[in-house]
Number of protein chains: 2
Amino acid sequence: MGGQMRPIDIMDALKRNVLECEGPAVCKTCEARHGGVCASLSVPQLVELNKHSSRRKVEAGNEVIGQGESVSTYSNILNGVVKLSKMMADGRQQIVGLQFAPDFLGRPHQEESTVTAEAATDTEICVFPRALIDRIVSETPDFERMLYEQSLKELDEARDWMLTLGRKTAQEKVASFLHLIATHIDPENASPRTFDLPLSRADIADFLGLTIETVSRQMTKLRKEGIIVIENNRHVTVPSLERLRCVAGND
Amino acid sequence: MGGQMRPIDIMDALKRNVLECEGPAVCKTCEARHGGVCASLSVPQLVELNKHSSRRKVEAGNEVIGQGESVSTYSNILNGVVKLSKMMADGRQQIVGLQFAPDFLGRPHQEESTVTAEAATDTEICVFPRALIDRIVSETPDFERMLYEQSLKELDEARDWMLTLGRKTAQEKVASFLHLIATHIDPENASPRTFDLPLSRADIADFLGLTIETVSRQMTKLRKEGIIVIENNRHVTVPSLERLRCVAGND
DNA sequence: CGTCCTATTGATATAGGTCAACATCGGTGG
DNA sequence: CCACCGATGTTGACCTATATCAATAGGACG
């Protein structure tokens, strides 16, 4: 496992790997391989990581990490949506982030999680032992940089959402949520016209700081205004993302 | 026009360093030296950084970095409080973070800021040229790790605040704010009984997603309930941090 | 065909927003 | 030193967006 990688650009690492067409077969077809943190690893590192990692399915509603729990593994999201949430002593809950493939779950240099991570939809993750990742992190500045970049992305998203929570109306909040999902649900397609909501009304309410009833009312209002089309409660079509953005107050 | 640049005496700093082998004199007395990102730098790195850095005063209300502006410098907060905020097209505003000494302002590998940074109080910062920090970052994994750690801390704070914004009542919000200030205003003393609020009522409202009037009403309510004592609008005494925490809904 | 679960819809209550008057403070200039 | 001023904060009266409570509807599944 030799010395440190020389500092290289992330895209270079990606390109090099594609050119060489090497690495574990599993990783080659991995949904998280491109764009995910693994993109910063060398082929030998990938091979070793692969030896000790395993795929796991997590059904909707199941916990990946509990708030305050100590964590012995990290993982990559391969598909599905994971919600991060916080709860107050009296049960009030707030979803503080949604993670999509190929996001990395877990935080090196931190014993226990400050949030609960729960599968919002049926989800597949690639699970890594903590000690191995910790070693790779300390050996591979590029890998740590990928994690740093992800945490900065999450920070930006959290702050955007603070604006939504603190200053937007219920209608703007619901539109913001739909816009967020439309632009994140499919890693391949930046903005599909049509998709399934990964969250129940209750989850949406917890994400937006609203009640279920208000979410429901605003959804029907958006439907009646022609901003969205809803089928079977979960399936949504957005005729114009631009109009949705506008309703969301994003310009 | 505050914020005048005061170049540091390079020769003097160098001379002292050579004699004492302990880093630049300025840094030795720096408020941000311990606990700040500079703590991860070697003495030669400190010397070089010091050569190109300068102290600057920023008066309350002045911008440090504008939202969407490109950034050519980074800085460390030496004292004072900096507020990070986002604004919607129609003027609605949300403060998305407060930074205290010895926090680092700015983000390597990112051209323009996604938030506005503005001095909430009169503030002193230590300004570094962008290119130099970028080089030090790429050469010094420990330094980058400090930045990573800070961004994780900010992420945790942002998520805590999302819970506050989304799920707490006005009274809990105001109490949460007072608790936050009490525990952060003084880097020396974790929780002073008495302190000056670094933010105006308008800023507090923008931080809590409330109106000025509601903030004011909740402050007087907390005062009448004996949770806090207020003098001159800005000076607050907290008889029991524990009681305040409780009102804030933190247990 | 009921049962459970999720979502919608309606009626009503209320926390917090809005608008307006007033108070307090710190500065400035006569 | 006082009078005036603008900026900042408080208080009151009222209003509205959203919460709450309650009833109904629609699927999924046995």
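Just the heavy atoms: all of them, side chains too, but no hydrogens, waters or symmetry mates, feed the values below. Small disclaimer: the values here were computed from a predicted structure and weren't measured. Order of the sequence lines sets the chain letters (A, B, ...), proteins ahead of strands, with each chain counted from 1.
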Whole angstrom value for the distance that separates [atom2] of [N] from [atom1] of [X]:
| X | N | atom1 | atom2 | answer |
| --- | --- | --- | --- | --- |
| A:K168 | D:dA17 | NZ | C1' | 18 Å |
| A:I230 | D:dA25 | CD1 | P | 20 Å |
| B:E231 | D:dG9 | CD | C1' | 16 Å |
| B:L208 | C:dA15 | CG | C1' | 15 Å |
| B:D206 | D:dG9 | CG | C1' | 15 Å |
| B:I204 | D:dT10 | CD1 | C1' | 14 Å |
| A:H235 | C:dA7 | NE2 | C1' | 18 Å |
| B:R92 | C:dG17 | CZ | C1' | 13 Å |

Closest to the 5' end of DNA chain C, once A:R167 and A:R223 are matched to their nearest nucleotides, is A:R223

Which nucleotide in the list [options] gets nearest to the side chain of [X]?
| X | options | result |
| --- | --- | --- |
| A:E213 | C:dT8, C:dT9, C:dC19 | C:dT9 |
| A:N233 | C:dT18, C:dA7, C:dT9 | C:dA7 |
| A:T214 | C:dA7, D:dT18, C:dG16 | D:dT18 |
| B:T211 | C:dG17, C:dT8, D:dT18 | C:dG17 |

What is the minimum heavy-atom distance between B:Q93 and A:L163, and which atoms define it? C-CD1, 4.5 Å

Does [X] put a side-chain nitrogen or oxygen below 4.0 Å from OP1 or OP2 of [N]?
| X | N | result |
| --- | --- | --- |
| A:S216 | C:dA7 | no |
| B:N232 | C:dT24 | no |
| A:T220 | C:dT9 | yes |

Is it the case that over 12 heavy atoms from other parts of the model lie below 6.0 angstrom from the NZ atom of A:K57? no

Considering only NZ, NE, NH1 and NH2 on the basic side and carboxylate oxygens on the acidic side, decide whether A:D203 and A:K83 come within less than 4.0 Å. yes

Quick one: the side chain of B:R217 and the base of D:dG12, do they pair up donor-acceptor inside 3.5 Å? yes

Passing candidate, side chain to side chain contact (heavy atoms under 4.5 Å, CB included) with A:Q218, options A:R223, A:E213, A:Q171: A:Q171

Which comes earlier along DNA chain D counting from the 5' end, the contact point of A:T169 or that of B:L199, where each point is its nearest nucleotide? B:L199

Test item: side-chain donor near acceptor, A:T116 and A:K86, under 3.5 Å: no

Classify the nucleic acid contact of B:S200 as base, sugar-phosphate or nothing, counting any heavy atom under 4.0 Å across all strands shown. sugar-phosphate

